[in-house]
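First up is the structure itself, then whatever we jot down about it.
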There are 2 protein chains.
Amino acid sequence: MGTMSGTVPLSPLVHPERGEMTVEAVLRALADPVRLAIVRQLAATGSEIACGALDVPVTKSTLTHHLSILRQAGVVTGRQDGTTRFNSLRRNDLDALFPGLLDGVLAAPR
Amino acid sequence: MGTMSGTVPLSPLVHPERGEMTVEAVLRALADPVRLAIVRQLAATGSEIACGALDVPVTKSTLTHHLSILRQAGVVTGRQDGTTRFNSLRRNDLDALFPGLLDGVLAAPR
DNA sequence: GGATTAGTTCGACGAACGTCGTAGTTCGAT
DNA sequence: ATCGAACTACGACGTTCGTCGAACTAATCC
């Protein structure tokens, strides 16, 4: 069962399209300290960051879980390159659907 | 025990000041369908709405709970008048702290 | 004094969430 | 072909969350 070779391209890495995104999912995704930290780091960089380069106080499996939630909500995108996955903010889509939301969150004092 | 007369002014009704509000609490408060519906109704009205006049699919005790969370996050204010409590959005404070956040949320397609 | 209306408070319950460790998969280098 | 690095997938666990009903308080009206 476990040992079989078919060479699947790692993971489908499914993201919602613009039309599939909901405010509630986005708000829920942002309403967690770890995920908010991830979004802040991605916003500060302006480009992509590998999972391992993200500064978060959780284990890797938990990080994976949080990134999955952010991805499913449409907040971030993942690009695979070798064994490392590069994550970036979907600024365009977020700004188009919920203009001001992301900037408002990032403008927060703390 | 229950029967004693001191006539307390109903409830302290404690709200955070501008400086006490955090993005995370606001996001968490907004990340629920019922509470989002409440905020939308308050925004649509532009002024205050009594608890009983809010259109939500939950019991009164649950409504109280949701309003309490919104109040503690600094999203809404409560004004007592007789036995009815009037709720209103803290637009000024929200816009000052997180410019664009509320508008972005309200601009959401669904 | 009741009776009524408007909200709140207090458990209680199940569902969802965040966290972890372990095991697994894929890729690249040796 | 073997090894290590980079993540992902799967259970398991404790905690928090949303929900309700029942009991309570406060103001208003008869």
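Residue numbers start from 1 in every chain, and the chains themselves are labelled A, B, ... in the order their sequence lines are given, proteins ahead of strands.
Among pairs with a residue in residues 44-56 of chain B, those fulfilling side-chain hydrogen bond (donor to acceptor under 3.5 Å, both in side chains) read B/E48-B/R79, at least two apart in sequence or across chains.
If you measure from atom CG of A/L27 to atom P of C/dC17, you get 14 Å, rounded to the nearest angstrom. Rounded to an integer number of Å, the gap from A/E48 CD to D/dC7 P is 12 Å. Note: CD (B/Q72) to C1' (C/dT8) measures 13 Å, nearest angstrom. Note: CG (A/L67) to P (D/dC7) measures 9 Å, nearest angstrom. Protein atom CD1 of B/I38 is 14 Å distant from nucleotide atom C1' of C/dG7, rounded to whole Å. Remark: P of C/dT9 and NE2 of B/H66 are 15 Å apart, rounded to the nearest angstrom. As a whole-Å value, the separation of B/E24 CD from C/dC17 P is 16 Å.
Which of D/dT19, C/dG7, D/dA6 sits closest to the side chain of A/T84 comes down to D/dA6.
The residue among A/A31 and B/C51 whose nearest nucleotide of DNA chain C lies closer to the 5′ end is B/C51.
Take A/T77 and apply the side chain to side chain contact (heavy atoms under 4.5 Å, CB included) test, not counting sequence neighbours, and it matches A/H15, A/S88, A/R90. In this structure, the side chain to side chain contact (heavy atoms under 4.5 Å, CB included) partners of B/A43, at least two apart in sequence or on a different chain, are B/L89, B/L106. In this view, A/R35 satisfies the salt bridge (charged side-chain N to carboxylate O under 4.0 Å, His left out) rule with no residue, not counting sequence neighbours. Taking A/R18 as the reference, A/D93 meet the salt bridge (charged side-chain N to carboxylate O under 4.0 Å, His left out) condition, with sequence neighbours excluded. When the side chain to side chain contact (heavy atoms under 4.5 Å, CB included) test is applied to B/S61, the partners found at least two apart in sequence or on another chain are B/T59. For A/Q41, the side chain to side chain donor-acceptor pair (under 3.5 Å) test picks out no residue, with sequence neighbours left out.
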Below 3.5 Å is the cut-off: list the nitrogen or oxygen pairs between protein and nucleotides 12-17 of chain D, distance only.
| unit_1 | atom_1 | unit_2 | atom_2 | d |
| --- | --- | --- | --- | --- |
| D/dC17 | OP1 | B/R28 | NH1 | 3.0 |

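Remark: B/V58, B/T59, B/S61, B/T62 in residues 55-63 of chain B come within less than 4.0 Å of DNA chain D through at least one heavy atom.
Between B/I38 and B/L63 there is a side-chain heavy-atom pair separated by less than 4.5 Å.
Note on A/T83: every side-chain N or O is 4.0 Å or more away from OP1 and OP2 of D/dA6.
Annotation for A/N87 and A/L42: closest pair O-CD2, 3.2 Å, computed over non-hydrogen atoms.
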